[in-house]
Amino acid sequence: MSANSPESEGIHVVHEPGPNELRDPMVRAELKRASVWFGLAIGVALIVLLIQPLLIIFGALVFASMLDGGVRLLGRVLPLPRGIRLLLVVLLVIAFIGGTFYLAGVQIAIQVEQLRATLTVQGDRVMNWLASLGLMPGRADLAGIAQQALGSIGRLTSAVGSVLGAGASLLMVMSIGLFIAIEPRIYERGLQWMVPVETRDQFSVTIGRMARTLRVLLAGRLLGMVFEGVLTWILLSIAGVPMALLLGIITGILAFIPNIGAFVSGVLMVAVGFSAGVNQGLWAIAIYFGVQTFDGYVLIPIVAKRTVDLPPALTLSAQILASTLFGVMGLALADPMVAMIKVALESEAERAARAGAGANQRRSVSWRLGHRQALGPGAPAAGEPLPPPQL
């Protein structure tokens with residue numbers, strides 16, 4: 001009897017099974033299956049409840065990928081430590097944004113007010129034209145519809161957050177993204193610790209592919225934003241369209257959201273163009289289609305060769321679903337989400353293909369061994385010719 005045993009302490013231990021123990025294998029299997037489904041339902045409910053914080057974290061990952069791409073690009077020409085390169089990237093971004101608003105801040109502010117007034121006038125003209133054709137309700141009915149719509153928007157914004165909340169979310173995205181970009185290896189190692197050891201190799205390869213795809217995708221997106229914004233500004237200025245600088249900035253910002261962003265910027269451009277005259281409106285239409293055609297047939301294919309090629313219908317469908325479920329932030333992050341999901345599915349398909357090939361090879365080897373054993377110890381190996389028949 002051991003000195004640390006319960007009997008030595010005068011404690012009686014019951015070794016018979018209790019009434020709460022499940023000895024039936026079928027009951028255990030059903031209970032395990034039910035617990036899996038119950039846990040899955042709880043996970044889905046938590047994702048629905050915590051979707052806004054999860055979107056902020058994903059947005060931070062996107063911002064960190066932008067910074068990391070700039071650090072890697074700067075490292076090709078400046079052999080400096082990573083921290084110094086990251087500081088240079090952050091300072092360059094701040095200097096660019098601050099310099100733009102410092103040099104053209106007053107002009108941008110004036111053009112914003114002009115744009116609001118122009119859109120109001122153009123919207124009234126379109127509504128009156130549609131009402132004259134009998135395609136729109138009367139002004140009284142239109143006011144009631146607008147009041148109901150504004151009431152719905154008010155309830156939606158009260159649920160999602162105010163402008164102050166949006167600014168706080170943007171600050172959190174930038175802060176978390178900066179922390180991740182400072183030392184990404186720590187967070188990568190933490191993610192690897194969360195998966196079993198036998199699957200860490202495949203998981204690390206998938207995470208690496210996702211990170212590279214996201215960097216290249218965002219680099220191409222930023223290149224397209226700069227190209228569309230600058231080219232739109234220059235061409236609209238040459239064509240004499242008012243508020244060319246503001247329209248160029250809006251076009252560049254909305255270029256981050258493919259399909260929908262281009263449509264919105266095109267509507268604004270055409271509305272402002274026709275407010276100055278028919279010629280300016282026609283020039284605005286031509287400039288819009290020219291810029292979008294060059295971006296769609298030259299820039300996007302170049303980027304797609306080095307990253308995942310997302311079909312336009314898939315991207316647009318994902319944007320509609322994400323904007324309906326998650327709002328404006330979901331619309332902005334729909335494209336990176338689809339790209340990362342596609343990379344994960346491709347990696348899983350490759351793993352399944354390798355596993356299937358290995359299983360087929362093992363079955364082939366086992367069949368050959370069994371066939372040789374059936375023929376006898378003197379049977380030829382696979383690939384050897386059969387001996388001539390004995391007469």
Side-chain angles (χ1 to χ4, degrees), residues 30-68 148-184 186-196 199-200 203 206-207 210-211 213-214 217-218 221 256-261 310 314-345 347-348:
E30 292 297 329
L31 183 61
K32 183 182 295 185
R33 186 178 302 174
S35 62
V36 169
W37 284 107
F38 185 68
L40 181 61
I42 293 178
V44 172
L46 288 177
I47 291 176
V48 172
L49 292 175
L50 302 176
I51 190 61
Q52 292 298 327
L54 291 177
L55 285 177
I56 290 176
I57 295 174
F58 185 76
L61 292 177
V62 172
F63 183 68
S65 298
M66 292 182 182
L67 295 178
D68 187 61
Q148 293 179 1
L150 290 177
S152 302
I153 294 174
R155 289 192 296 269
L156 179 62
T157 51
S158 63
V160 175
S162 60
V163 177
L164 184 61
S169 299
L170 181 60
L171 181 62
M172 290 299 297
V173 166
M174 297 177 65
S175 301
I176 297 174
L178 183 59
F179 287 140
I180 295 175
I182 291 175
E183 192 58 49
I186 297 177
Y187 306 97
E188 182 182 357
R189 183 177 58 189
L191 289 176
Q192 292 178 4
W193 283 347
M194 296 174 65
V195 298
T199 59
R200 285 184 185 176
F203 179 77
T206 303
I207 292 297
M210 284 183 175
T213 300
L214 195 58
L217 179 68
L218 294 174
R221 194 60 48 78
F256 186 81
I257 307 174
N259 303 323
I260 297 178
L310 300 178
L314 176 62
T315 304
L316 184 58
S317 302
Q319 289 173 348
I320 294 173
L321 291 175
S323 61
T324 304
L325 295 174
F326 312 135
V328 179
M329 186 175 292
L331 175 63
L333 299 177
D335 201 22
M337 286 182 188
V338 174
M340 295 184 71
I341 291 174
K342 185 177 180 182
V343 172
L345 292 177
S347 299
E348 182 64 22

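This chain uses plain numbering: 1 for the first residue, then up along the sequence. Note that the structure is predicted; figures quoted are calculated from it, not measured.
Under the 4.5 Å side-chain criterion, counting only non-hydrogen atoms from C-beta, Leu191 is in contact with Phe203. For the pair Gln192/Ile207, no side-chain contact is recorded, criterion being any heavy-atom separation below 4.5 Å from C-beta on. The shortest side-chain heavy-atom distance between Phe256 and Leu218 falls under the 4.5 Å cut-off.
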Assess whether side-chain contact (heavy atoms from CB on, under 4.5 Å) is satisfied between Met340 and Thr213, documenting all intermediate values. CA-CA 8 Å; Met340 295 184 71; Thr213 300; over 6 Å; no
Given side-chain contact (heavy atoms from CB on, under 4.5 Å), test Asp335 with Arg221 step by step and report yes or no. CA-CA 10 Å; Asp335 201 22; Arg221 194 60 48 78; 2.3 Å; yes
Could you go through Leu316 and Ile260, starting from their C-alpha distance and side-chain angles, then the distance that decides it, and tell me whether this counts as side-chain contact (heavy atoms from CB on, under 4.5 Å)? CA-CA 8 Å; Leu316 184 58; Ile260 297 178; 4.0 Å; yes
Between Met329 and Phe58, does a side-chain contact (heavy atoms from CB on, under 4.5 Å) hold up when you go through it step by step? CA-CA 10 Å; Met329 186 175 292; Phe58 185 76; over 6 Å; no
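Scanning all heavy atoms of the two residues, the minimum distance from Ala344 to Thr206 falls at CA-CG2, 4.1 Å. Of all non-hydrogen atoms in Ala318 and Val338, the two that sit nearest each other are CB-CG2, 3.3 Å. Looking at every heavy atom in both residues, Ile56 comes nearest to Ser169 through CD1-OG, 3.8 Å. Residues Pro336 and Val62 share a closest heavy-atom pair of CB-CG2, 4.2 Å. For the pair Leu55 and Phe326, the tightest heavy-atom approach, listed with the atom from each and the gap, is CD1-CB, 3.4 Å. Taking all atoms of both residues into account, the shortest heavy-atom contact from Ala64 to Gly177 is CB-O, 3.4 Å.
Between the Ser35 side chain and the Lys32 main chain, a donor and an acceptor come within less than 3.5 Å of each other. A donor-acceptor pair under 3.5 Å links the side-chain atoms of Thr199 to the main chain of Pro196, judged by distance alone.
The 12-atom threshold is not exceeded at CZ of Phe179, counting heavy atoms of other residues, nucleotides or ligands nearer than 6.0 Å. More than 12 heavy atoms of other shown residues, nucleotides or ligands fall within 6.0 angstrom of atom CE in Met337.
Checked against Phe38 for a side-chain contact (heavy atoms from CB on, under 4.5 Å), the options Ile42, Leu40, Val36 give a single hit: Ile42.
The side chain to side chain donor-acceptor pair (under 3.5 Å) test applied to Glu348 returns Arg351, not counting sequence neighbours.
Remark: Gln319 CD to Leu314 CG distance equals 10.0 Å, nearest 0.5 Å. With rounding to the nearest 0.5 Å, the separation of OG in Ser323 from CG in Leu331 is 5.5 Å. Distance check: Met210 CE to Leu217 CG gives 13.0 Å after rounding to the nearest 0.5 Å. Rounding to the nearest 0.5 Å gives a distance of 14.5 Å between CE of Met194 and CZ of Arg189. Note that CG of Asp68 and CG of Leu61 are 11.5 Å apart. Values are rounded to the nearest 0.5 Å. To the nearest 0.5 Å, atoms CD1 (Ile180) and CD (Glu188) are separated by 12.0 Å.
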